[in-house]
Amino acid sequence: MLDKNGIAKRIAKEVKDGYYVNLGIGIPTLVANFVRNDISVEFQSENGVLGMGPFPIDGEEDADLINAGKQTITTLPGASFFDSALSFSMIRGKHVDLTILGAMEVSENGDIANWKIPGKMVKGMGGAMDLVASAENIIVAMMHTNKAGESKLLKRCTLPLTGVGCVKKIVTNLAVLEVIPEGFKLLERAPGVSVEAIQNATEGELLVEGDIPEMDL
Amino acid sequence: MLDKNGIAKRIAKEVKDGYYVNLGIGIPTLVANFVRNDISVEFQSENGVLGMGPFPIDGEEDADLINAGKQTITTLPGASFFDSALSFSMIRGKHVDLTILGAMEVSENGDIANWKIPGKMVKGMGGAMDLVASAENIIVAMMHTNKAGESKLLKRCTLPLTGVGCVKKIVTNLAVLEVIPEGFKLLERAPGVSVEAIQNATEGELLVEGDIPEMDL
Amino acid sequence: MIHKGVKDAQEALLGVKDGMTFMLGGFGLCGIPENAISELVRLGISNLTCISNNAGVDDFGLGLLLQKHQIKKMISSYVGENDEFERQMLSGELEVELTPQGTLAEKCRAAQAGFPAIYTPAGYGTEVAEGKETREFNGKMYVLEYAYEADFAFVKAWKGDEAGNLIFKGTARNFNPCMCGAAKITVAEVEELVPAGQLDPNEIHIPGIFVQRIFQGKHYEKRIEQRTVRPRN
Amino acid sequence: MIHKGVKDAQEALLGVKDGMTFMLGGFGLCGIPENAISELVRLGISNLTCISNNAGVDDFGLGLLLQKHQIKKMISSYVGENDEFERQMLSGELEVELTPQGTLAEKCRAAQAGFPAIYTPAGYGTEVAEGKETREFNGKMYVLEYAYEADFAFVKAWKGDEAGNLIFKGTARNFNPCMCGAAKITVAEVEELVPAGQLDPNEIHIPGIFVQRIFQGKHYEKRIEQRTVRPRN
């Protein structure tokens with residue numbers, strides 16, 4: 001079973017040379033730490049920066065320089081700043097190659113819910129609805145089950161949706177799955193996790209074809 | 001009767017303190033020469049400059065600095081450059097206070113034609129269609145009649161339209177006229193020009209109420 | 001040059017009234033119009049509708065107006081990190097219209113640019129699109145979203161000149177440029193106000209035509225919401 | 001940093017073919033992609049559709065492609081000052097789609113920003129709106145105009161870096177920024193190409209994400225169409 005860093009590490013392998021990548025809050029933010037340094041990648045944050053670097057050295061943080069998670073950041077050579085309209089032009093216009101975001105629920109047809117629990121929690125969708133409605137390459141990073149042990153990979157989402165039929169790939173603490181017309185296709189198992197354990201943690205249709213390899217991290 | 005500079009001089013009186021003004025090609029360009037210098041006005045050119053100044057001194061012209069008539073220009077303190085989308089945001093968004101442009105024909109309901117003579121001449125509308133569709137304060141600068149002596153103030157335009165029901169005021173070599181629901185209301189006569197002469201040169205409905213003063217230039 | 005400079009926030013906010021709709025720039029606490037917000041608190045006007053990507057934190061930014069119950073309705077994309085906000089929202093004291101971030105930016109830009117409405121794919125198939133017109137273009141579904149109408153836009157820039165030209169800094173730019181000229185009156189506060197002619201016309205982010213009043217703000221706190229650092233080696 | 005630099009116009013234009021649709025920046029002869037145009041002439045490809053505000057003059061800019069009959073269709077707002085153009089248009093050799101200038105800019109921007117279509121008031125009630133969908137918003141009529149689809153966009157900037165970031169100069173900016181990222185491949189030519197990190201991230205007009213290939217152009221002529229001066233005292 002993977003921890004959050006493990007999930008981030010596995011997702012980092014999906015990041016290819018030349019990609020512009022938007023990382024959501026939470027586990028996705030960790031992905032930047034694991035991207036191979038022999039490839040060229042630029043991170044976009046929808047609040048208006050392209051070419052994000054690591055967090056600043058203690059004492060050098062700048063209140064005018066944050067990411068979409070409101071964390072202080074730095075920029076790398078080749079970075080640029082822009083306004084929110086141009087930022088979402090990048091996203092809506094499909095100039096961002098890969099979007100990685102968290103989710104509360106994903107359904108077997110690729111719907112995603114991650115912004116609201118009616119009557120309980122409403123933080124808002126932020127840029128997530130724009131991202132999932134536009135991106136062609138969306139990877140969801142999340143725990144396979146919630147704190148109560150219930151599956152987050154469902155037949156149908158129960159929470160208000162963020163987007164419909166948009167998720168292509170899911171990386172959880174247990175598995176890597178692809179969303180295909182028939183359901184969740186199991187691609188890889190986390191180290192030491194059995195197909196049966198994944199099956200038990202998956203409410204939606206799980207498709208298992210042949211031997212399922214363990215992740216190569 | 002006025003010459004082109006006379007028309008420009010009369011129109012300059014319509015330019016008020018604090019106005020952003022877009023000047024079309026031809027007579028409108030001359031208006032800048034006659035605006036009172038005790039008021040603050042900024043000239044916008046739709047190719048992407050606000051705060052245009054006079055033409056450059058011979059030898060100081062810059063190929064990267066032109067107006068919408070492709071003439072070399074200069075800028076004044078407070079000027080700014082921007083792209084075509086933002087330029088038309090200024091125009092469409094009604095941030096430009098006054099638009100002055102030429103016309104081939106104007107009709108008594110405020111339609112204007114100035115971009116095409118079918119089978120003969122098609123230069124294109126440039127920014128004129130955006131300007132007339134958006135501006136709330138449009139003044140047309142033109143000769144009252146064409147080279148053949150025919151009226152350019154018509155019941156209905158005969159040429160392809162640039163915009164419908166948009167012209168508010170017309171300044172010609174003979175008169176100042178306002179477009180009201182009933183037709184062309186005569187406001188002022190050019191020096192030495194009789195109401196009768198204006199009537200003869202106007203095909204559209206001309207409304208003459210009381211004594212018509214001579215322009216005060 | 002058309003002079004836009006005013007003395008201070010008090011003069012800049014002349015005309016704000018109960019029940020008005022405001023746009024406020026900023027993302028989180030980054031690039032927010034601190035002086036305008038302070039003046040709104042001082043004036044104590046209420047029943048306000050505020051269009052702003054976020055709602056501040058409990059004791060800073062728009063949180064200050066929420067504390068005083070001056071806001072009737074918030075239009076935002078993300079309102080986490082604010083307990084008082086969540087309390088007022090869940091209790092029904094505060095009306096909240098959550099809007100996707102890109103849609104929010106573009107509804108401001110539509111108002112700035114004279115577009116009545118836009119078609120965006122964001123929110124299609126979700127409750128955000130409920131009751132809204134949708135339409136297919138090239139096999140993809142879009143939602144029709146209307147331009148915002150606001151009385152005042154309050155924005156914060158880094159530098160500005162007396163002609164109203166603005167230059168923003170870093171990610172403090174965010175929604176500020178999109179809101180300039182998107183309301184009847186745009187009020188810009190800047191850290192440094194210079195005479196016209198001192199800013200390079202090529203480097204101006206927002207031309208003065210979109211700004212009606214500009215003033216040099218005071219006492220910028222520029223609070224950091226999530227200070228995140230790595231150790232100095 | 002994602003590297004976008006290529007050696008020259010020849011490498012930058014790899015993949016252009018007969019029958020393609022191109023966007024070309026510039027207003028009149030100001031800010032036109034001179035090197036890309038020269039390379040298109042050299043390649044001799046034809047049946048092109050060109051989206052460009054103007055069509056150059058007889059012997060410069062897009063006029064060079066017109067002379068060689070490489071262009072099948074022009075989409076422009078203003079095509080005066082070009083005798084060969086007028087001849088080809090009136091004779092029917094050249095197809096011409098005249099589009100209001102603001103609409104042209106926004107149809108490019110729509111393609112850049114992922115909007116399928118826009119509602120603009122420009123052209124309502126004129127032959128430009130014939131056969132197009134119209135709609136009333138708040139008592140005013142608008143025309144629905146679709147985003148352009150193009151294979152290549154050729155733009156010209158003043159400075160650029162290896163990451164594809166662009167800075168334009170003066171009114172040579174015009175349509176160039178609106179076309180970046182509005183075609184499948186955007187090719188930027190610049191007067192000065194610098195390593196990434198040398199341009200201030202705050203002063204970049206177009207971020208490199210909208211540009212696929214960038215090169216330093218040669219022999220810029222920057223011809224002036226209407227040299228207008230006042231005498232030196």
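The chains referred to below are lettered A, B, ... by the order of the sequence lines, with proteins before strands, and numbering in each begins at 1. These numbers were taken from a predicted model, which means no experiment stands behind them.
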Do B:E61 and D:I224 touch side chain to side chain, with heavy atoms closer than 4.5 Å?
yes
Is it the side chain or the backbone of B:K120 that comes within 4.5 Å of chain D heavy atoms, both, or neither?
backbone
Shortest non-hydrogen contact from B:F81 toward D:R173
O-NH2, 3.3 Å
So, taking the atom named CD in D:E106 and the one named OG in B:S84, what distance separates them when rounded to the nearest 0.5 Å?
10.5 Å
The reported gap from CE in B:M129 to CG in D:L104 (rounded to nearest 0.5 angstrom) is 13.0 Å
Could you check whether atom NZ of B:K4 has more than 12 heavy atoms from other residues, nucleotides or ligands sitting under 6.0 Å from it?
no
How long is the gap from NZ on D:K169 to CG on B:D64, to the nearest 0.5 Å?
4.0 Å
Partner chain D: residue of B:V49, B:L131, B:I66, B:L65 with the largest heavy-atom pair count (under 4.5 Å)
B:I66
Is there side-chain contact between D:R227 and B:Q71, with heavy atoms separated by less than 4.5 Å?
no
Heavy-atom pair with the smallest gap, counting every atom of D:C30 and B:A63
SG-O, 3.4 Å
Rounded to the nearest 0.5 Å, what's the gap from OH on D:Y78 to CD1 on B:I25? Could you check?
5.0 Å
Can you tell me which portion of D:N82 sits under 4.5 Å from chain B's heavy atoms? Options are side chain, backbone, both or neither.
neither
Looking at B:K9, I'd like to know if its NZ atom is crowded, meaning that more than 12 non-hydrogen atoms belonging to other residues, nucleotides or ligands lie closer than 6.0 Å.
no
Is D:F175 close to B:D83 at the side-chain level, that is, under 4.5 Å between some pair of heavy atoms?
no
If you tally heavy-atom pairs under 4.5 Å between each of D:K140, D:H205, D:R223, D:M141 and chain B, the highest tally belongs to D:K140
Any chance CD of D:E149 has more than 12 other-residue heavy atoms, nucleotides or ligands included, within less than 6.0 Å?
no
Selection from D:A172, D:A105, D:P121 maximising heavy-atom pairs under 4.5 Å formed with chain B:
D:P121
Interchain contact, B:D111 with chain D, by part (heavy-atom threshold 4.5 Å)
neither
Which bit of B:S134 is near chain D, if near means a heavy-atom gap under 4.5 Å: side chain, backbone, both or neither?
both
Is the number of heavy atoms from other residues, nucleotides or ligands within 6.0 Å of NZ (D:K218) greater than 12?
no
Taking every non-hydrogen pair under 4.5 Å, which of B:D62, B:L86, B:V122, B:I57 racks up the most with chain D?
B:I57
Go through D:G102, D:G28, D:G123 and name the one with the most non-hydrogen pairs under 4.5 angstrom from chain B.
D:G102
Do B:T162 and D:T126 come within less than 4.5 Å of each other through their side chains, counting heavy atoms only?
no
Would you find more than 12 non-hydrogen atoms of other residues, nucleotides or ligands less than 6.0 Å from B:D216 atom CG?
no
Any heavy-atom pair between the side chains of D:R230 and B:P54 that's under 4.5 Å?
yes
I'd like to know which of B:A113, B:G126, B:A133 tops the heavy-atom pair count under 4.5 Å against chain D.
B:G126
Which distance, rounded to the nearest 0.5 Å, do you find between the CZ of B:F82 and the CG of D:N174?
11.5 Å
Chain D heavy atoms under 4.5 Å from B:S80: which part of the residue, side chain, backbone, both or neither?
neither
B:G124, B:A79, B:G48: which one forms the most heavy-atom pairs within less than 4.5 Å of chain D?
B:G124
With a 4.5 angstrom heavy-atom cut-off, which part of B:A68 approaches chain D: side chain, backbone, both or neither?
both
Measuring heavy-atom distances to chain B, does D:E191 have an atom under 4.5 Å in its side chain, in its backbone, in both, or in neither?
side chain
Contact check, side chains of B:M125 and D:Q101, non-hydrogen atoms, under 4.5 Å
no
Side chains of D:T228 and B:F55: does their closest heavy-atom pair fall under 4.5 Å?
yes
Tell me the closest heavy-atom pair linking D:A122 and B:D130, and the distance in Å.
CB-OD1, 3.3 Å
Rounded to the nearest 0.5 Å, what's the gap from OG1 on D:T103 to CZ on B:R92? Could you check?
6.5 Å
Would you find a donor on one side and an acceptor on the other, under 3.5 Å apart, between the side chain of D:R109 and the backbone of B:A85?
no
